[in-house]
2 protein chains.
Amino acid sequence: MKKLSIVDIANHLNVSKTTISFILNGRAQEKRIGKELVDRVQKFVDEVGYKPNSLAKSLRTGKSNIIGLMVEDISNPFFASIARLIEDRAYKNGYKIIYCSTDNDTNKTRELISMFRDRHVDGYIIAPPEGIEDDISSLIKDGMPVVLFDRHLPKVSTDFVEIDNLFSTYNATMHLIQQGYKNIAYITFASNQTQMQDRLQGYKDALDESGLKPFIQEIVFSQNEELIMGPLNTFLKKHKNLDAVFFGTNHVGTCGLKVINSLGLKVPDDLALVSFDDYDVFKLFSPPVSAIAQPIEAIADSVITVLLNKLNTSSQHISSQSIILKTDFQIRGSSKKADKA
Amino acid sequence: MKKLSIVDIANHLNVSKTTISFILNGRAQEKRIGKELVDRVQKFVDEVGYKPNSLAKSLRTGKSNIIGLMVEDISNPFFASIARLIEDRAYKNGYKIIYCSTDNDTNKTRELISMFRDRHVDGYIIAPPEGIEDDISSLIKDGMPVVLFDRHLPKVSTDFVEIDNLFSTYNATMHLIQQGYKNIAYITFASNQTQMQDRLQGYKDALDESGLKPFIQEIVFSQNEELIMGPLNTFLKKHKNLDAVFFGTNHVGTCGLKVINSLGLKVPDDLALVSFDDYDVFKLFSPPVSAIAQPIEAIADSVITVLLNKLNTSSQHISSQSIILKTDFQIRGSSKKADKA
DNA sequence: ATGAAAGCGCTAACAC
DNA sequence: GTGTTAGCGCTTTCAT
C-alpha cells in the first residue's frame, strides 16, 4: 500500500488539491468552503489515515517544527533531566527535538549549529561553550529564535535562563564558614563559562569577607573519570590541612566522593562536603551530601516557554529577557560540624 | 545575505545545476566531468560556504539521514548513557538523532512512531513497550530498518540487542544464596517486557534450585518516586524476616536505597542488597552495592552497528540477528555476609 | 467558493 | 561531458 499524497486524495474526491490543503490547514472557514465538503474530506482523510508529508511542507513553508537542543553532555543527569522535561513540553506543542552533546567543544558545536541550520530547525536551545559567540550572534542576526541556558555569553545579547550561581555558592560557602570550617577548598572544572566563573566568585567572596584563605583547584574537563580523579587525588593528598571541600559541579562532586572513599576519609569529621547540583548520589551517600539543588523543572519550563514565545510571535523584535532562577540549598550531614566544636 | 541555492551557484558559474549536483555528490568521475570544472566548482562552493538544502534533498531522495531513537526515559542514566554513545557514532556516520521517551506508554509510543515515519527517519532504534508489536511489524513490513534493544518482542522478528538477563539474575541470586542468605526478596516493576520477565525468571530459578521460598514484589511503574517508595516501604516493613533484597532495575534500586535509609536498616547485616544496573549511586553507597553492570558501550555499539549495516546494505533481506551480551556482576560490600556466620 | 499553476531546492532520467 | 526537464508533496497567489 503506497503512501498517498494530497493529490491522490484530491483525485479520489474530485476536488482540487488546493481545497484539500485549505481544509486540512483549518482555513476552510476563511475560504468559505462548504461545510458539507469539509466533512466529506475530513472523513476520507481520517479513513485512509492520510498524513501530509512534513518534509514537503517544510520545504515549502520553511518551518520544520523541530527544535535543536544542544547540551554539554546528555548523559549528565542534570542535562538529561532538563532534556526530558523540555522534550515533553515541546512534543505537547507540536515540536520535535533534535539534540546533541557539545562536550563543550567549540568546533563540534559550530559544526552542530551548522547541521541544525541546514536542517532548518525552527529554534535553538543551547548550553553554549566558550568561543561560540560569533556563531550564536549570526544565528540571531538571521532571525533565528535562540535561548541559552545554564550559562550565557556576555558578549551576545540573547534570551537566556540561568540560576543565581554567585549567590548559591556564596551562600553555601557561608554555611560552611558558620559551621566553623576554616580551610575550605573549591574544586571545579577549568572554564571561563559564566556559570563556572560566577560560582567561583561566590566562593571567593565568602572567603574574602570572612578573611579566610582560598584553596582553588581547577581540573581540566574530561569524559574520562580517571583524568578527573587523578588530579583530585593529588590535590587532597597535598592539602592535608583542609577541613572542607566545595565541589563546583555534580560531576566533580561524584568523582570527589569516589576519591574521598578511596582515601578512606571520614565525612564530615576529616572533611566536610558541599556540592553544586543535587542528585541521588548525594542524597544516598553516608552521610548525605549537602548540595545546591537547581530548580530543574523551572529551568526547563522557562526555557521552553521563552522559546515557544519567540516561535509564535511573528514580531522580530521583542526585547530579549534574562531569567535568573533561585536555587535551593539542601543542608545535610556532610557539612555539619561534629558537636564537640 | 540570502542563502544561495544550487541554481544560484550554477548561474554564477555558467554551468548546469545538474553538473553541480553531480560534482557535489562525488559523481564527477563517473560522469566524466572535467577535472578543471570540478575544481572550479569546488572552489566556489567552499568560498561562499554553500550547503545543499537537506530538506529538498530528503524530499527528493526519500532519505533524511535521521535516526529515530526511542527509549523508556532519557533521564534514566542507563538510557542517557546509551543515547550518548549512539549519538556519537551516529553523528560520525552522518546521521542525526531524533529521540524521545516512551514512558513505556504504548499509545505515546504509537504516536511517536507515526511522527517518526512522517518525518521520514531512515531507521529506528527502539526500546519497545508492550503492545507495540503491530506497529513495529508494519514498520518492518514497509522495509524500515529497525533495531530493538534492552528487550525484544517475542512475536516480532527483528534485529535486537540485549543482555543475558536470565543468567545475570540467576547468577547474582546464586551469589546471595552462597553467602548464606535464605529469605531473598525480588523487587521489580510490574511488566511483561522480556527483559523484566527474564530477570524475574533467573531469580526464581535460583531459588527453586536451592529449595528456597521466593518473595516477589511488583511495583507499578511511575515517574513519581513517591509512588515507588510507598509500596516498597510497606513491603519491607511487612516482611521483617527478609535477609536480602534483589532490585530488578536501577530505578527500583535507587528508590530502594532511599527507603532502606529512611527505615534505618543496616546493610548488609539487616539486609543484604543486590541490584540490576550499575552506576554511581551504587558504587558510592555505604557499603557499596553489589550490582549487575550492563556493558553500555557494547550495547550502544552493537545497536548502531547493526542499524548502520541495515541502512547501508540495499538488500532488503538479510536475516535478522539477535545479539545477546554478557553482563558483569560486581560483588561489593552490600552482599557479603558478616564474618560470624 | 474552487481550481490552475508556480515554485520551495534538489536529483536523475534522458537527451544532446 | 553537459544541459533540459520532470518531478518529490506541499502551500499560496491569482484567476474564475
Please check the phosphate of C:dC10 (OP1 and OP2 only) for any side-chain N or O of B:Tyr50 closer than 4.0 Å.
-> yes
Specify the residue among A:Ala56 and B:Asn14 whose closest nucleotide of DNA chain D lies further upstream toward the 5′ end.
-> B:Asn14
Under a 4.0 Å heavy-atom criterion, the protein footprint on nucleotides 11-16 of chain C, written with B, S and -, is BBB---
DNA chain D contacts among residues 112-122 of chain A, heavy-atom distance under 4.0 Å | none
Hey, could you give me each pair passing ring pair (Phe, Tyr, Trp, His ring centres under 6.0 Å) that has a residue in residues 99-131 of chain A? Not counting sequence neighbours.
-> A:Tyr99-B:Tyr99
Would you kindly give the CG-to-P distance between B:Asn65 and C:dC10, to the nearest whole Å?
->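 So the CG-P distance, B:Asn65 to C:dC10, works out to 15 Å.
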Calculate the interatomic distance between B:Ile23 atom CD1 and D:dT2 atom P; express it in whole Å.
->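 Answer to the nearest Å: 8 Å.
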Which angle, rounded to 10°, do you find between the first-five-pair axis and the last-five-pair axis of the helix from C:dA1-D:dT16 to C:dC16-D:dG1?
->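 Answer rounded to 10°: the end axes differ by 50°.
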Are [X] and [Y] ion-paired here, with the side-chain N under 4.0 Å from a carboxylate O?
X: A:Arg27; Y: A:Glu30; value: yes
X: A:Asp88; Y: A:Lys92; value: no
X: A:Lys43; Y: A:Asp39; value: no
X: B:Arg110; Y: B:Asp105; value: no
X: B:Asp118; Y: A:Lys51; value: no

Those residues at least two apart in sequence (or on a different chain) that pass side-chain hydrogen bond (donor to acceptor under 3.5 Å, both in side chains) with A:Asn104 are A:Glu72, A:Arg151, A:Gln193
Sorted by chain and number, sequence neighbours left out, side-chain hydrogen bond (donor to acceptor under 3.5 Å, both in side chains) with A:His152 holds for A:Glu162
For the atom pair OG (A:Ser137) and NZ (A:Lys155), what is the distance rounded to the nearest 0.5 Å?
->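 These two atoms lie 10.5 Å from each other.
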What's the spacing between B:Ile74 CD1 and B:Asp103 CG if we round to 0.5 Å?
-> 12.0 Å
A:Glu133 (side chain) donor-acceptor with A:Gly131 (main chain) under 3.5 angstrom |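 Yes; at least one donor-acceptor contact below 3.5 Å.
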For the side chain of B:Ile33, counting heavy atoms from C-beta on, which of D:dT2, C:dG3, D:dC10 is nearest?
->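 Taking heavy atoms from C-beta onward, the closest nucleotide is D:dT2.
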